[in-house]
Amino acid sequence: MSQDPTLPPAMATTIQSFSHWMLLERGLSDATVENYRMDLTQCAQLLAKAGLQSWQQVEAEHLVHWANQIGESDLASRSIARKHSALRTFFKFLRREGICTEDLTGFLSRPRLSKRLPKSLSIREIDAMLACPRLSTPIGMRDRALLELIYSSGLRVSELCEIHLPALDLENAFVRIIGKGSKERICPIGEPAVEALLRYLTLARPQFVKAHSRGQVFLSSRGTAISRKTVWHLVKQYAHQAGIEREVTPHSLRHSFATHLLQGGADLRVIQELLGHSDISTTQVYTDVDLSRKIEEYRHFHPRERETPSA
């Protein structure tokens, strides 16, 4: 993780130290650390234009100016919220390291984040999508197994790509997952997913293995671990084949897993554990999804709602 040559050396060094701390001590994912590093680099570039050479020189007015600039940009509200989160975490680190004596982010107003309901598929759409991969080919067997596993266990795409063979226990139908913050959880695997995984591991995976292959469950045609980008592409491909016109992502399958469990009567705390959410409030959004669908069903099927008012 090299320093950014476009920044004042003192600022770049501190961002680099923060990134190592996030990665090694906080155990955050490479993607999260890289996003935070980019956010802080953009902030530092703005501060450097104002003549600042180190984080000790930063004052509240500088951060307010930064917040106003990104607030007036065309960035999505979630991207703006992430940049604020990166800066708050960074200033806590600066105080911890004795670089700054005050957390100047306390002067910033937290951006208001609109509540976005997760996108989920119907059970019929899920069935149609899972039926698309051709089981007569190794790639089809692999793709069916990974789609079944995402939906069966509610996995994040990053978690799916990092599963190693010892983490699978198909005899007892569960998988051991290392999620965000290096937290471990046990996820059950449904019978269709177990069958798909057994077929893939027995008949297809050996054909993907190369001399340089490692122990990841899902391999690419090159013998390397399948990438998140590839999984995103496959999900979109099979959604299109299934005739689903709206955008579908791997997270759509994870959201569908949670939504369908809740609709089936599962306890919210259990869903929280299965998803690997540290805070129940993150899981509670699915209750809003369930409610919105109930209202939609009511309006569609209630006889008084279906009547057309007479003039």
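Checking T230 against S227 by side-chain atom types alone, a donor-acceptor pair falls below 3.5 Å.
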Take Y36 and S85, measure what side-chain contact (heavy atoms from CB on, under 4.5 Å) needs, and give me the verdict at the end. CA-CA 8 Å; Y36 274 30; S85 177; 2.8 Å; yes
Test side-chain contact (heavy atoms from CB on, under 4.5 Å) on V175 and L170 and set out the steps. CA-CA 8 Å; V175 59; L170 297 184; over 6 Å; no
Go through the steps to decide whether K83 and L40 satisfy the test side-chain contact (heavy atoms from CB on, under 4.5 Å), and finish with yes or no. CA-CA 8 Å; K83 292 179 184 295; L40 293 171; over 6 Å; no
Full working for side-chain contact (heavy atoms from CB on, under 4.5 Å) between L168 and I189: CA-CA 9 Å; L168 278 178; I189 306 175; 3.9 Å; yes
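Separation of the W232 and H251 ring centroids does not fall under the 6.0 Å cut-off. Y151 has its ring centre no less than 6.0 Å from the ring centre of F257. A centroid separation of less than 6.0 Å is found between the aromatic rings of Y200 and F218.
S256 approaches L121 most closely through the heavy-atom pair OG-N, 2.8 Å. What you find for C100 and F91 is that their closest heavy atoms are SG-CE2, 4.4 Å. Considering every non-hydrogen atom in both C161 and V231, the closest pair reads SG-CG2, 4.0 Å. Between A196 and E148, the closest heavy-atom pair is CB-CG, 4.1 Å. Contact between L135 and G140 at its shortest, heavy atoms only, is CD2-O, 4.1 Å. In this structure, L155 and I163 approach most closely via the heavy-atom pair CD1-CD1, 3.7 Å.
Expressed to the nearest 0.5 Å, how far CE of M22 lies from CZ of F90 amounts to 11.0 Å. The CD1 atom of I99 sits 10.0 Å away from atom OG1 of T13, with the distance rounded to the nearest 0.5 Å. The line from CZ of R176 to CD1 of I186 is 3.5 Å long, rounded to the nearest 0.5 Å. Note: T137 OG1 to R144 CZ = 11.0 Å, rounded to the nearest 0.5 Å.
V270 and I177 fall within a single hydrophobic cluster, where Ile, Leu, Val, Met, Phe, Trp and Tyr are joined by side-chain heavy atoms under 4.5 Å apart, directly or via other members. I271 and F174 are assigned to two separate hydrophobic clusters, defined by single-linkage of ILVMFWY side chains at heavy-atom distances under 4.5 Å. Cluster membership check: V217 shares its hydrophobic cluster with L198, using side-chain heavy-atom separations under 4.5 Å among Ile, Leu, Val, Met, Phe, Trp and Tyr.
Judged by distance alone, with hydrogens and angles left aside, the side-chain atoms of S152 form a donor-acceptor pair with the main-chain N or O of G190 at under 3.5 Å. Side-chain atoms of T224 do not come within 3.5 Å of backbone N or O of S220 as any donor-acceptor pair. Judged by distance alone, the side chain of R254 and the main-chain N or O of L275 form a donor-acceptor pair under 3.5 Å. Put simply, the side chain of H65 never gets that close to the backbone of A60: no donor and acceptor are under 3.5 Å apart. The backbone N or O of Q16 lies less than 3.5 Å from no partner atom in the side chain of R37, so there is not a single donor-acceptor pair. Judged by distance alone, with hydrogens and angles left aside, the side-chain atoms of S153 form a donor-acceptor pair with the main-chain N or O of P188 at under 3.5 Å. Side-chain atoms of K210 come within 3.5 Å of backbone atoms of S221 as a donor-acceptor pair (strictly under, hydrogens ignored).
The side-chain heavy atoms of L146 and M141, taken from C-beta on, include no pair separated by under 4.5 Å. Within the 4.5 Å cutoff, side-chain heavy atoms of L165 are placed close to those of L201. Contact annotation: the side chain of Y238 approaches that of P133 to within less than 4.5 Å [non-hydrogen atoms, C-beta and beyond]. Counting heavy atoms from C-beta on, the side chains of C132 and L147 never come closer than 4.5 Å. At least one side-chain heavy atom of L160 sits less than 4.5 Å from a side-chain heavy atom of L149. S17 is listed as a side-chain neighbour of F93, based on a closest heavy-atom distance under 4.5 Å. Contact annotation: the side chain of T249 never approaches that of V157 to less than 4.5 Å [non-hydrogen atoms, C-beta and beyond]. At a threshold of 4.5 Å between non-hydrogen side-chain atoms, the residues L219 and I226 do not count as touching.
The environment of NE2 in H164 is crowded: more than 12 heavy-atom neighbours from other residues, nucleotides or ligands sit within 6.0 Å. Other residues, nucleotides and ligands contribute more than 12 heavy atoms inside 6.0 Å of the CZ atom of R82. In this structure, R96 places its CZ atom where more than 12 heavy-atom neighbours from other residues, nucleotides or ligands lie under 6.0 Å away. In this structure, I70 places its CD1 atom where more than 12 heavy-atom neighbours from other residues, nucleotides or ligands lie under 6.0 Å away. Other residues, nucleotides and ligands contribute more than 12 heavy atoms inside 6.0 Å of the CD atom of E184.
A salt bridge between E159 and R185 is present, with a side-chain N of the basic residue lying under 4.0 Å from a carboxylate O of the acidic one. Residues K92 and D103 are not paired through a salt bridge, judged by the lack of any N-O separation under 4.0 Å between the basic side chain and the carboxylate. Taking the charged nitrogens against the carboxylate oxygens, R246 and E125 do have a contact shorter than 4.0 Å, which makes a salt bridge. E247 has a carboxylate O that lies under 4.0 Å from a charged side-chain N of K236, or vice versa, which qualifies the two as a salt bridge.
Listed by chain and number, the residues in a salt bridge (Lys or Arg N to Asp or Glu O under 4.0 Å) with R199 amount to none (sequence neighbours excluded). Scanning for side-chain contact (heavy atoms from CB on, under 4.5 Å) contacts around K183 gives S278, with sequence neighbours left out.
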Could you tabulate the donor-acceptor pairs under 3.5 Å formed by side-chain atoms of residues 46-56, not counting sequence neighbours?
from	atom 1	to	atom 2	distance (Å)
S54	OG	Q56	OE1	3.3
W55	NE1	M11	O	3.4

